[in-house]
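First up is the structure itself, then whatever we jot down about it.
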Amino acid sequence: MIDPDRAAAAARRLTPVVRVAPAKLNLTLSVRGRRPDGFHELHSVMLPLALADRLSVARAEGSRDTLAITGPDAGPVADNLVLRAIAATRAAVGRAADAAPLAIRLDKRIPVAAGLAGGSSDAAAAIDAALEAWGLVAPGAVARGPEPADDDPELVALRALVAAQLGSDVPFFLAGGPALVEGRGERVTRLRPIRGPAPGVVLLTPAVPSPTPAVFEAFDAGGPAASPDPGSVARTSEHLASELRAGLDAAALVARAGVLASANDLAGAAAVVVPGLTTLRRALLRRLGRPIGLSGSGPTLWVLYPSASEAAAAADDIRAGLADGSLEAPGSGSPSVVATTPADRASDAAATGPGVDGGEGGA
Ligand code: C5P
């Protein structure tokens, strides 16, 4: 007779693991100085968004990991952080597991090199998907929060270590919700999700790169790239973190948009690296009559609305402005305009459950 547990385990091994990899938004970004290792000490409140890439991971027959990417140009496949994430996770689990080669499919929806950390999110999702594909965690367990459901302290430490190794933005995505990010990016403190109906978020990403190292370099050089008031950015960031620790609803968050929009110490540096960004930001402010923020090192600009429908209407208005030339964005290609909301953990968990999107099999 077939043992039902073993049959279920065998079925799971053959079902691709599907993960959503959300974009992030920096609601605040305070840069507290340059460290001896060249990185910068940060204090940032980050929010995962419903805008997300999708990763599908299946055990493969071949001798090495393979990756197929669909969507916006994410650069050479061999350099993709997802492959490095899988390799680093395999090295970290060592002989503890049968860490078989994996066939990975990545469906990109997050604009690339945009200050939304899409590549870092893909990498974080890849760590968890690999652990699940290798049978080291229960299906969907790690989708639920910062720690695997079985609470295995070794796995929790392993995920954190591999994530920090891969890049400064990767550890945030293991938190599975809004978080305060400190240090180089490796110290992550979970905050409460925004209460009540979801606020709307509009993202406008000009088709021009704003490489993070170049933005930090400009920041260090000072002059026009310096933060005009780092003390006030730090206070805003600390205040928002304490408010989100206690719990904040969408209306209260949107009411703070004005102060949050000026709470990014890298805004001046991004404006130096991306000529035309300040002009676009001012034009958007005039057009929408709402505060315009910058996510991370840019060039994505964000606008907060009390509801998803108001954000969708604003996104349509921005698209119309770009089409009729009344709004001009830097860069040679078309800018990306997206209306989204903060990520909803409940629906994310559902989307990543076993068997969902099984049609992506054989990645
Ligand atoms: O860690 P990651 O590779 O994503 O960082 C990219 C670059 O961003 C670094 O090489 C560094 O120039 C800059 N950075 C920094 N301080 C941080 C994070 C990133 O200076 N906390």
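Remember, it's a predicted structure, so these values are computed and weren't measured experimentally. Sequential numbering from 1 along the given sequence is applied to the chain's residues. In listed order, ligands and their atoms are each counted from 1.
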> In the protein, which heavy atom is nearest to atom 4 (O) of ligand 1, and how far is it?
Replying inline: S168 N, 3.6 Å
> Judged by atom type as modelled, is there a donor-acceptor pair below 3.5 Å linking the side chain of T340 to the main-chain atoms of L51?
Replying inline: yes
>> Considering non-hydrogen atoms of the protein only, which is the closest contact for atom 12 (O) of ligand 1, and what is the distance?
In response: P213 CA, 3.6 Å
> Is ligand 1 less than 4.0 angstrom away from at least one heavy atom of G38?
Replying inline: yes
>> Heavy-atom distances under 4.0 Å decide this one: backbone, side chain, both or neither, for F216 against ligand 1?
In response: side chain
>> If the cut-off is 4.0 Å to any non-hydrogen atom of G167, which atoms of ligand 1 fall inside it?
In response: 1 (O)
>> If we ignore hydrogens and angles and just use 3.5 Å, is the side chain of T205 paired with the main-chain N or O of T300 as donor and acceptor?
In response: no
>> Let me check something: do V337 and L285 share a hydrophobic cluster, defined by ILVMFWY side-chain heavy atoms less than 4.5 Å apart, either directly or through other members?
In response: yes
> Yes or no on side-chain hydrogen bond (donor to acceptor under 3.5 Å, both in side chains) for S297 and T212, after CA distance, side-chain angles and deciding distance?
Replying inline: CA-CA 6 Å; S297 53; T212 307; 3.1 Å; yes
> Tell me, which protein residue and heavy-atom name are nearest atom 9 (C) of ligand 1, and how many Å apart are they?
Replying inline: F39 CE2, 3.7 Å
> Does T212, backbone or side chain, put an N or O under 3.5 Å from an N or O of ligand 1?
Replying inline: no
> Does L42 reach ligand 1, in the sense of a heavy atom lying below 4.0 Å from it?
Replying inline: yes
>> How far is atom 16 (N) of ligand 1 from the closest protein heavy atom, and which atom is that?
In response: H40 N, 2.8 Å
> Okay, side chain of N80, backbone of G75: is any donor-acceptor separation there less than 3.5 Å?
Replying inline: no
> When you check the gap from the basic side-chain N to the acidic O, do R90 and D65 get nearer than 4.0 Å?
Replying inline: yes
> Is there a donor-acceptor contact under 3.5 Å from the side chain of D53 to the main chain of D122?
Replying inline: no
